[in-house]
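A short worksheet on the structure shown next.
When reading the values below, keep in mind they use all heavy atoms of this one structure, side chains included, and skip hydrogens, waters and symmetry mates.
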Amino acid sequence: GQNIDQPTEMTATEGAIVQINCTYQTSGFNGLFWYQQHAGEAPTFLSYNVLDGLEEKGRFSSFLSRSKGYSYLLLKELQMKDSASYLCAVKPGGYQKVTFGTGTKLQVIP
Amino acid sequence: GAVVSQHPSRVICKSGTSVKIECRSLDFQATTMFWYRQFPKQSLMLMATSNEGSKATYEQGVEKDKFLINHASLTLSTLTVTSAHPEDSSFYICSASDPIGQILSTDTQYFGPGTRLTVL
């Protein structure tokens, strides 16, 4: 089966930097996604990594190490509106479907 | 690009009635659409995968006769909750992906805004 682990909750201060980790064990690997989900809303796409390394997109960056089965989402210059759940999702090999982690609820405090 | 709409956004119905939810890809052709359910403070639970022109593939434990899925065109998939009961009350979210990669990153799922179903 597929297994994705991420912390349940995190708290960080406005203006700071926070790193949300995700580890996975899957049968094959075809890409890793990060989504942001505000309470009561649907997830929105943040990033997609298929090769090792860091992908930067504004205040958000995502890192992948395929050999370690590890990714992180880095949020800089935190804003109150960044308070949300962040979902890590992995596409295993072959025709298997994307599997979502349970999400990390981030609370940004003043 | 990559906009997915969902209708209705909110529905309240009586127990025993059927509810239809529509999911549309507005600016791309979605060969595959997914239907998820999410209960409060829980993660997304995949219900079924809908492929255009073929029968949907349901996840284990999801009743295909209760949750009818139709994907008649490359831009529209519908989920019908038949004989709804209070325990079916949930947040239903569809997503669309474009494995062929017309304008999207391969296999990236783009989500609709969700439908909140309340069954009285």
Closest non-hydrogen atom pair between A:Ala42 and B:Gly114, with its separation: CB-N, 4.3 Å

Cluster check A:Val98, B:Phe111: I/L/V/M/F/W/Y, side chain < 4.5 angstrom: yes

ILVMFWY network linking A:Leu87 to A:Leu64, side-chain heavy atoms under 4.5 angstrom: no

Chain B neighbours within residues 101-110 of chain A, where any heavy atom lies under 4.5 Å away: A:Gly101, A:Thr102

Listed once per pair and sorted, the salt bridge (charged side-chain N to carboxylate O under 4.0 Å, His left out) pairs that draw on residues 36-54 of chain A, sequence neighbours left out: A:Asp52-A:Arg66

Pairing residues for B:Arg37 by the salt bridge (Lys or Arg N to Asp or Glu O under 4.0 Å) criterion, not counting sequence neighbours: none

Whether B:Tyr110 and A:Phe45 hold their rings parallel, tilted or perpendicular, with breakpoints at 30° and 60°: tilted

Separation between CD of B:Gln38 and CZ of A:Phe100, rounded to the nearest 0.5 Å: 10.0 Å

Hphob cluster co-occupancy, B:Phe34 + A:Tyr35, side-chain heavy atoms under 4.5 angstrom: yes

Winner by heavy-atom pair count (cut-off under 4.5 Å) against chain B, out of A:Gly31, A:Ala89, A:Ala39, A:Gly40: A:Gly40

Cluster link B:Met47 to B:Val119, ILVMFWY, side chain under 4.5 Å: yes

Residue pairs fulfilling salt bridge (charged side-chain N to carboxylate O under 4.0 Å, His left out) with at least one residue in residues 16-36 of chain A, sequence neighbours excluded: none

Atom pair NZ/OG of A:Lys91 and B:Ser97 - distance to nearest 0.5 Å: 8.5 Å

Single-linkage hydrophobic cluster A:Phe63~A:Tyr48, side-chain heavy atoms < 4.5 angstrom: no

